[in-house]
Amino acid sequence: SKGSYPTFMLKEIDEQPAVMRRIAQEYFDEERQVTVDQDLLTALSAADRLYFVAAGTSYHASLVGKRLFEKYTEIPVEVGVASEFGYHWPLLSKRPFFVFLSQSGETADSRQVLVEAKRRHLPVLVITNSANSTLAREADYTLLLHAGPEIAVASTKAYTAQIAVEAVLAKALGEKLAIQTAVDFDLLGQLGLAANGMETLVAEKDTWSELAHDYLQTANDAFYIGRGVDYDVSLEAALKLKEISYMHTEGFAAGELKHGTIALIEPGVPVIAFITEQATAAHTRGNVQEVVARGAKVLVIANQDCQDAADQIILPTLTTELMPLLTGVCGQLLAYYATLQRGLNVDQPRNLAKSVTVE
Ligand code: M6R
């Protein structure tokens, strides 16, 4: 039930700090050591390439997963949209391992790829929120998100839970492979910082409501931009806003704008920039200048390491690949309030079902 909440989506956004803490509890022991099924780690450590396959928000979480696994395990990762992958299988490496991300565990596009992977006798892990789902039953290994039921059509807490569980698995596998970056990765500390940061964000509902009002209320289009992991989160923030507010929204790699899309920028168009990666912050700021010069209304969401005096939102700094735990929540809150202000049904947008069980 929604309890005292007006919508499931707001309840689920608010639950995220607790979900981070639950994941820390489920996947770390009393000695603060990460604990994941040894058989799964053994099977994974034999792989020469991981194939992440998912749809929608789970695909966006997989993009972040690629960065986490390549950094902490040094195993190359390919990420595929399930509905494409199923009909255009890439040439596989010699020892592939398949990882499916699915909140519901019922997505038909993902299942189709899973069934074919099994037919080819390839090892399969499903990361899901539902232990009794079809995908969980059909996989060799399952990792649970421990996010609790997600009811709103727009996925929120499953996204951040997926990233946290990916980080758990990347650390555990990296440690098993004796990768020093993984040994040094204080994931437990980071999950604590993420939970605290999320708590601050969800406590500032008036701020988010005002920002949605100022930047999005009268707009017909909106653009999210960022580089690296900020690009990944731009895609997710854009999906969130378009699926519930029906605004035309795009997520772009900040540097790619000037290769075409910048033609759409005219006075008053909202552009939301995520700037949390020190290595590329100056470049994204350059892209912000380009759109400001064309009249865009720019909202900058940065972290402490990349902040500028004029930025509207400053987040605490987490390890680069974990910043979506906070920037993702910003995207959720903007989408939520923009939709509410348009008087639309936040939990059940038109044309959409919670789980898409047809290909
Ligand atoms: O249950 P799944 O994670 O497999 O679902 C995948 C997508 O259908 C889902 O993430 C969808 O994109 C959401 N409506 C996004 O908010």
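Counting starts at 1 for both ligands and their atoms, in listed order. Start at 1 with the first residue, then count along the sequence.
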**Item:** Ligand-residue contact atoms, ligand 1 with E243, heavy atoms, under 4.0 Å
**Value:** 13 (C), 14 (N), 15 (C), 16 (O)
**Request:** Say whether S110, considering both its backbone and side-chain N or O atoms, lies within less than 3.5 Å of an N or O atom on ligand 1.
**Result:** no
**Atoms in ligand 1 with a heavy atom of A154 nearer than 4.0 Å** = 16 (O)
**Prompt:** Do P6 and L340 come within less than 4.5 Å of each other through their side chains, counting heavy atoms only?
**Reply:** no
**Message:** Does this structure show an ion pair linking E116 with R120, if we count only N-O contacts that are shorter than 4.0 Å?
**Reply:** yes
**Item:** Which residue and heavy atom of the protein sit nearest atom 1 (O) of ligand 1, plus the separation
**Value:** S104 OG, 2.6 Å
**Asked** Should S355 be listed as contacting ligand 1, given a heavy-atom distance under 4.0 Å as the test?
**Response** no
**Asked** Near S58, which atoms of ligand 1 are under 4.0 Å from a heavy atom of that residue?
**Response** 2 (P), 3 (O), 10 (O)
**Request:** State whether the number of non-hydrogen atoms from other residues, nucleotides or ligands found under 6.0 Å of Q348 atom CD is greater than 12.
**Result:** no
**Request:** Any atoms of ligand 1 less than 4.0 Å from a non-hydrogen atom of S102? List them with their elements.
**Result:** 1 (O), 2 (P), 3 (O), 4 (O)
**Message:** Measuring only between side-chain heavy atoms, which start at C-beta, is F98 closer than 4.5 Å to L92?
**Reply:** yes
**Request:** Could you tell me whether E199 and R21 make a salt bridge, using a distance below 4.0 angstrom between a side-chain N and a carboxylate O?
**Result:** yes
**Item:** Distance from atom 7 (C) of ligand 1 to nearest protein heavy atom, with residue and atom
**Value:** A55 O, 3.7 Å
**Asked** Can you tell which of K71, R67, K171 makes a salt bridge (Lys or Arg N to Asp or Glu O under 4.0 Å) with E321?
**Response** K71
**Request:** Using the six-membered ring of Y246, assess whether NZ or CZ of R350 lies under 6.0 Å from its centre and within 45 degrees of the ring axis.
**Result:** yes
**H248, NE2 atom: more than 12 neighbouring heavy atoms under 6.0 Å** = yes
**Item:** Under 4.0 Å to a heavy atom of V153 - the qualifying atoms of ligand 1, by number
**Value:** 13 (C), 14 (N), 16 (O)
**Prompt:** Of the backbone atoms (N, CA, C, O) and the side-chain heavy atoms from C-beta on, which set of K354 has a member under 4.0 Å from an atom of ligand 1: side chain, backbone, both, or neither?
**Reply:** neither
**Asked** Do F97 and F69 have their ring centres less than 6.0 Å from each other?
**Response** no
**Request:** Note the single closest protein heavy atom to atom 5 (O) of ligand 1, along with its residue, its atom name and the distance in Å.
**Result:** T107 OG1, 3.4 Å
**Asked** How does K240 reach ligand 1, if at all, at less than 4.0 Å between non-hydrogen atoms: by side chain, backbone, both, or neither?
**Response** side chain
**Asked** Looking only at protein heavy atoms, which one is nearest to atom 12 (O) of ligand 1, and how far off is it?
**Response** G56 CA, 3.3 Å
**Asked** How far is atom 8 (O) of ligand 1 from its nearest protein heavy atom, and which residue and atom is that?
**Response** V356 CG2, 4.1 Å
**Request:** Please answer whether the main-chain N or O of Q304 pairs with a side-chain N or O of Q307 as donor and acceptor at a distance below 3.5 Å.
**Result:** yes
**Request:** Pull out every atom of ligand 1 sitting under 4.0 Å from any heavy atom of T57, numbered as shown with elements.
**Result:** 10 (O), 12 (O), 15 (C), 16 (O)
